Amino acid sequence: MSPPTDKDEAQTRAEIDAKLEAAGWVIQDKKAMNLYAGEQGVHGVAVREMDTDSGPADYMLFIQGQACGVIEAKREGTSLGDVVQQSRRYAVSGTKHIKRWSDELRFTYEATNHETRFTDWADIYARTRKVFHFHQPKTLKNRLEDGDSFRTRLQQLPALNTNGLRDCQIDAIHGIEKSLKNNQPKTLLQMATGAGKTFTACTEVYRLAKFAKVNRVLFLVDRGNLGRQALKEFQQYTTPDDGRKFTELYNAHILGAAGIGDEIKVTIATIQRMYSQLSGKELDDDAEEVSGYEYGTNDSSPPREVAYNPAIPIETFDVIIIDECHRSIYNLWRQVLEYFDAFLIGLTATPTKKSIGFFNQNLVSEYTHEDAVIDRVNVGYDIYRIRTKKTEQGDTIEAGTTVSIRDRLTKQERYETLDQDEEYLAQQLDRSVIAPNQIRTIIQTFKDRVFTDVFPDRSGEWLPKTLIFAKDDEHADRIVDAVREIF
């Protein structure tokens, strides 16, 4: 391999300049400084080759005319692990005729054209971490004005009010907060379905909002209908020490085309919706109703790549809670998670090796379905799955068939006769393609066999409690109609 050249260095600087400008920084040379350029009231300026008592810093960052940080730039391929000592040295070195926010500059970055690392030295246990991009000037200004950092405020969380909480929820919250206080970037907890994962998340978010002044929290769900359920949970959550509802104190919303408002504390979204916002690509409504299980069926699918979006900077969220961590999260959508400079907290009923590995083996709480059954939180169950050709392989609608086409928004129906065969996949069934007789076949089969195959020892007088899984609300309505008709 040939040694690096001045051309390599210039290319690295050019790419770092472009990233800084994309984040809202004004790039200047020290011989032509205007420290009050840029956004009014923020004045984020990055000055090249700024002199310090221990040598020139590659970039010195200024907010409102005062120095607050430095960037040490290195050629492509340089290992940045040890460079933090160099940038720290410049941050604590004196500068002549320059105002500073503090004697020791608070923020340091180390960067090549492909990698960026960041340290906030106001953190109680300051540690460098990899970030997707540079932070915006107004973000650093807000942190400077706040004084302490979010990671420092986490150390001040008071004792948990355990009234109304199950033991498994108490253990989960203690595990999460211990992990956050130890500055662990990823935290995973296992909690059986039905044991109160979302209620646990609401309790944790409330504590982070009230006592640690979390800026924003992203609550990622597997499907759109689960997002609507999560919003209801936040709306109904009664704060333990105040008595008001969570949404009387903090704003929560489901992410839509309008984006993320400054006043929003909790944003609820599918990973598909968040990707569409970052990438600027429109999202088909059907895509939000597809489970991560279905997205993750092909582990060889290439990851969805994201680029920096100044409208949704990396610092948008302090914490991301991932409800039901299916394998597609760590393959197809991994870059969406790693885009944000945020703690990741995973909630799952069934952790896999892949999910445990993604969360750095930091499994802080385990409450299995068996535990929930023993505690009488849940009851045991048997699964009875009915497969058909349509559900496994899809099918073909023959030419000449008259089909009903319904507008998703208005619900208005029209009829159309197909002039050619129309094939559909199993994944489209009960989403873009509806086969009413398919549902009736399933329900009729269940009725015919429930007391012969499933419960042969029962009299048949009473049908045991049964859960029928649906893909969305409309699918559920059609199932209910079929159940009423057949039973």
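Quantities reported herein were computed from a predicted structural model and do not represent experimental measurements.
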Electrostatic pair Asp123:Arg129 at N-O distance under 4.0 angstrom: yes

Taking NZ, NE, NH1 and NH2 as the nitrogens, is one of them in Asp58 or Lys74 under 4.0 Å from a carboxylate oxygen of the other? no

Given side chains that start at C-beta, do those of Val45 and Leu61 come closer than 4.5 Å, heavy atoms only? no

Separation between CD (Glu72) and CZ (Arg117), nearest 0.5 Å, reads 15.0 Å

Find out whether Ile98 and Met50 are in side-chain contact, i.e. whether some heavy atom of one side chain is under 4.5 Å from a heavy atom of the other. yes

Derivation and outcome, side chain to side chain donor-acceptor pair (under 3.5 Å), residues His369 and Thr193: CA-CA 7 Å; His369 172 72; Thr193 299; over 6 Å; no

So if I apply the salt bridge (charged side-chain N to carboxylate O under 4.0 Å, His left out) rule between Asp51 and each of Lys30, Lys31, Lys96, which one comes out positive? Lys30

Salt bridge or not for Arg143 and Glu315, using N-O below 4.0 Å? no

Should the pair Arg48 and Tyr59 be classed as cation-pi, given the thresholds of under 6.0 Å to the six-membered ring centre and 45° from the axis? no

Within 45 degrees of the axis of the six-membered ring of Tyr308 and under 6.0 Å from its centre: does Lys19 put its NZ or CZ there? no

Between Trp101 and Arg106, is there a cation-pi geometry (under 6.0 Å to ring centre, at most 45° from the normal)? no

Please test Gln235 against Thr247 for side chain to side chain donor-acceptor pair (under 3.5 Å), starting from the C-alpha separation and ending with a verdict. CA-CA 5 Å; Gln235 291 169 336; Thr247 48; 5.6 Å; no

I'd like to know whether Arg127 forms a side chain to side chain donor-acceptor pair (under 3.5 Å) with Thr119, so could you lay out the CA-CA distance, the side-chain angles of the two residues, the decisive distance to 0.1 Å, and finally the verdict. CA-CA 6 Å; Arg127 187 167 70 213; Thr119 309; over 6 Å; no

Between Arg207 and Glu177, is there a salt bridge with N-O shorter than 4.0 Å? yes

Glu145 atom CD: more than 12 heavy-atom contacts under 6.0 Å: yes

Is the positively charged end of Arg151 above the ring of Phe343, judged by distance under 6.0 angstrom from the centroid and angle within 45° of the axis? yes

Any salt bridge between Asp241 and Lys210, counting N to O under 4.0 Å? yes

Given Leu140 and Phe107, is the side chain to side chain contact (heavy atoms under 4.5 Å, CB included) satisfied, shown in steps? CA-CA 8 Å; Leu140 299 192; Phe107 308 111; 3.9 Å; yes

